[in-house]
Amino acid sequence: MQERIKQIIEECLKIKDTTSPIAIFNKIASMDFIRIHGPEHHILDGAAFLTAYSNAGGNVDLQAGLERMAIEGEKMPGAICGLWGVCGSVASIGAALAFIDKTSPLSTDDSWGSHMEFTSKALKRMGEIGGPRCCKRDAYISLETAIEYVEHRYGVKLDKEKIKCGFNNKNEQCIGKKCPYSSKKVKVAFVCVHNSCRSQMAEAFGKKYLSDICECYSAGTETKPMINQDAVRIMKSLYGIDMEKEQYSKLFEDIPDVDIIVSMGCNVKCPYSPGKINYNWGLEDPSGQNDETFINTAHTIEEKVKELREIIKNMP
């Protein structure tokens, strides 16, 4: 542990070119001496924050602050989040704030209570997401909350970037889509016999409503030379979606391996896919029928895609 702490401090002192605590955290957390989970985060998280704060012109002695992070972080045992009900990442940044404001248990200025407000806000966000713990997710929450806090309290603006976690493949307890920083996208295939009408509309709605969490495809057990032209016309008229711009009829084996298979109905026989999640929406084929039938089918598929979004968001 002592060697890890020494390396954290050395790496922080080298970083002068960014005021983003998240970028600093990611850079050091990606190094071999930082484990996916571990009490070194109790030092790293506050150290990354202090380094960004110093780089942004914050009034702080960085070397002394990093040494304080080592002292305070080592006091926190591993598994503190589950055993004590408080996250070591939040406490680490709380220690950094105490160093900046020179706060102690006997402080009579507003810093004592202000720091409690910071830690309670960060912990509330963690509590809303739930467990199991993830030292990377918890660090992101702590650092994002700290970025907002220091601009309001000290007038120091730290860079805030969109976070997409790159550590999920190393975390056996990753909560997937429940994590606001997940970079994992679920792959969904909408399937019908000819991949010309309902499944094409479902793919279009999938791209409209699910693109932030899913990669959406459609396929058939057979193909047609073109997408059903009534479906193309209705989707363009109702939603401004031109399905022919990027979509075309294709076989199931022509698309990537997927996580979820949604059959449109009509007794389509999807390829045997062990381990996949399968849904059957049981929708009648509107081909050859009037516009009202097509419109009703489009509305039904739209609602089912929206319902699917909620299901996927709550998947582990």
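Residue-environment remark: CD (Glu310) exceeds the threshold of 12 foreign heavy atoms within 6.0 Å. In the displayed structure, Glu284 atom CD is contacted under 6.0 Å by at most 12 heavy atoms of other residues, nucleotides or ligands. Shown here is Lys306, whose NZ atom has more than 12 heavy atoms of other residues, nucleotides or ligands within 6.0 Å. The environment of Lys164 atom NZ is dense: over 12 non-hydrogen atoms of other residues, nucleotides or ligands sit within 6.0 angstrom. The neighbour count for Glu128 CD, taken as heavy atoms of other residues, nucleotides or ligands under 6.0 Å away, is above 12.
Side-chain N or O atoms of Lys136 include one that pairs as donor or acceptor with a backbone N or O of Ile36 at under 3.5 Å. Looking only at distances, no side-chain donor or acceptor of Ser92 sits under 3.5 Å from a matching main-chain atom of Gly88. A donor-acceptor contact shorter than 3.5 Å is absent between the side chain of Ser199 and the backbone of Val191. Side chain of Asn280 to main chain of Gly282: a donor-acceptor pair is present (N/O by atom type, distance under 3.5 Å, no hydrogens or angles). Although no hydrogens or angles enter the test, the distance criterion places a donor-acceptor pair under 3.5 Å between the side chain of Arg4 and the main chain of Phe33. The backbone N or O of Asp242 sits nowhere less than 3.5 Å from a side-chain atom of Glu246 that would complete a donor-acceptor pair. Put simply, the side chain of Ser211 never gets that close to the backbone of Lys208: no donor and acceptor are under 3.5 Å apart. No donor-acceptor pair under 3.5 Å is formed between the side chain of Asn55 and the backbone N or O of Thr19. Of the possible donor and acceptor atoms, one in the side chain of Thr119 sits under 3.5 Å from a partner among the backbone N and O of Met116. In this structure, the side chain of Thr300 engages the main chain of Asn296 through a donor-acceptor pair within 3.5 Å.
Side chain to side chain, Asp159 and Ser20 fail the donor-acceptor criterion of an N or O pair below 3.5 Å. A side-chain N or O of Arg125 and one of Thr145 form a donor-acceptor pair less than 3.5 Å apart. For Ser142 and Ser89, the side-chain atoms include at least one donor-acceptor pair closer than 3.5 Å. Side-chain contact of Ser196 with Asn228: a donor-acceptor pair under 3.5 Å is absent, judged by distance alone. With no hydrogens or angles considered, no side-chain donor-acceptor pair links Lys75 and His42 at under 3.5 Å. Side-chain contact, Glu244 with Gln229: a donor N or O sits under 3.5 Å from an acceptor N or O. At a cut-off of 3.5 Å, with distance as the only test, no side-chain donor of Gln7 or Glu11 sits close to an acceptor on the other residue. Checked by atom type, the side-chain pair Asp110/Ser114 shows no donor-acceptor distance below 3.5 Å. Checking Thr293 against Asn290 by side-chain atom types alone, a donor-acceptor pair falls below 3.5 Å. Judged by distance alone, the side chains of Ser111 and Asp109 do bring a donor and an acceptor atom under 3.5 Å apart.
For the side-chain contact (heavy atoms from CB on, under 4.5 Å) with Leu143, the lone residue among Ile24, Ile163, Ile22 that qualifies is Ile22.
Taking the centre and axis of the six-membered ring of Tyr248, the NZ or CZ atom of Lys250 falls inside the cone set by 45° and 6.0 Å.
Note on ring orientation: taking the six-membered ring where Trp is involved, the planes of Phe190 and Trp281 are tilted (angle from 30° to 60°).
Partners of Lys224 by side chain to side chain donor-acceptor pair (under 3.5 Å), not counting sequence neighbours: none found. Residues forming a ring pair (Phe, Tyr, Trp, His ring centres under 6.0 Å) with Phe118 (at least two apart in sequence, or on another chain): Tyr149. Contacts of Lys121 classified as salt bridge (charged side-chain N to carboxylate O under 4.0 Å, His left out), with partners at least two apart in sequence or in another chain: Glu148.
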Could you please spell out the steps behind the side-chain contact (heavy atoms from CB on, under 4.5 Å) verdict for Tyr53 and Leu62? CA-CA 9 Å; Tyr53 182 79; Leu62 181 58; over 6 Å; no
Glu203/Lys207 under salt bridge (charged side-chain N to carboxylate O under 4.0 Å, His left out): CA gap, chis, key distance, verdict: CA-CA 6 Å; Glu203 179 184 352; Lys207 290 176 177 176; 2.8 Å; yes
So Lys185 and Asp212, salt bridge (charged side-chain N to carboxylate O under 4.0 Å, His left out) or not? Walk me through it. CA-CA 8 Å; Lys185 285 194 174 185; Asp212 60 326; over 6 Å; no
Walk me through whether Tyr279 and Met264 qualify under side-chain contact (heavy atoms from CB on, under 4.5 Å). CA-CA 9 Å; Tyr279 298 104; Met264 297 296 104; over 6 Å; no
Could you walk me through whether His115 and Asp101 pass the side-chain contact (heavy atoms from CB on, under 4.5 Å) test, one step at a time? CA-CA 10 Å; His115 299 165; Asp101 283 335; 2.8 Å; yes
Worked verdict on Gln247 versus Tyr217 for side chain to side chain donor-acceptor pair (under 3.5 Å): CA-CA 9 Å; Gln247 296 176 213; Tyr217 306 91; over 6 Å; no
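When every heavy atom of Val188 is checked against every heavy atom of Val258, the shortest pair comes out as C-CG1, 4.3 Å. Nearest approach of Gly38 to Cys135, heavy atoms of both residues: N-SG, 3.6 Å. The shortest heavy-atom contact between Pro286 and Cys197 is CG-SG, 3.7 Å. Contact record, Ala298 with Phe205: O-CE1, 3.3 Å, taken as the closest heavy-atom pair. Shortest non-hydrogen contact noted between Gly288 and Phe294 is N-CE1, 4.4 Å. Of all the heavy atoms in Arg137 and Gly130, the pair that sits closest is NH2-O, 3.3 Å.
Hydrophobic clustering (side-chain heavy atoms under 4.5 Å, transitive across Ile, Leu, Val, Met, Phe, Trp, Tyr) keeps Ile43 apart from Ile71. Connection of Val232 to Ile295 is established within a shared hydrophobic cluster, with ILVMFWY side chains joined at heavy-atom distances below 4.5 Å, either directly or through further cluster members. At a threshold of 4.5 Å between side-chain heavy atoms, the hydrophobic network of Ile, Leu, Val, Met, Phe, Trp and Tyr places Ile241 and Leu238 in one connected group. In terms of hydrophobic clustering, with Ile, Leu, Val, Met, Phe, Trp and Tyr side chains grouped at heavy-atom distances under 4.5 Å, Leu123 and Trp112 are assigned to different clusters. Grouping the Ile, Leu, Val, Met, Phe, Trp and Tyr side chains by contacts below 4.5 angstrom, directly or via other members, places Leu251 apart from Val193.
In summary, the aromatic rings of Phe49 and Phe25 are positioned with their centroids too far apart to meet the 6.0 Å limit.
Within the 4.5 Å cutoff, side-chain heavy atoms of Ile129 are placed close to those of Ile175. The shortest side-chain heavy-atom distance between Gln200 and Ile301 does not fall under the 4.5 Å cut-off. Within the 4.5 Å cutoff, side-chain heavy atoms of Ile34 are placed close to those of His41. Residues Leu158 and Pro21 form a side-chain contact, since some pair of their non-hydrogen atoms from C-beta on lies under 4.5 Å apart. Taking 4.5 Å as the limit, some side-chain heavy atom of Arg133 sits within range of a side-chain heavy atom of His37. Taking 4.5 Å as the limit, some side-chain heavy atom of Met1 sits within range of a side-chain heavy atom of Pro39. Side chains of Val150 and Lys157 form no contact here, defined as non-hydrogen atoms less than 4.5 Å apart. Here the side chains of Asn59 and Tyr154 are not in contact, with every heavy-atom distance at 4.5 Å or above.
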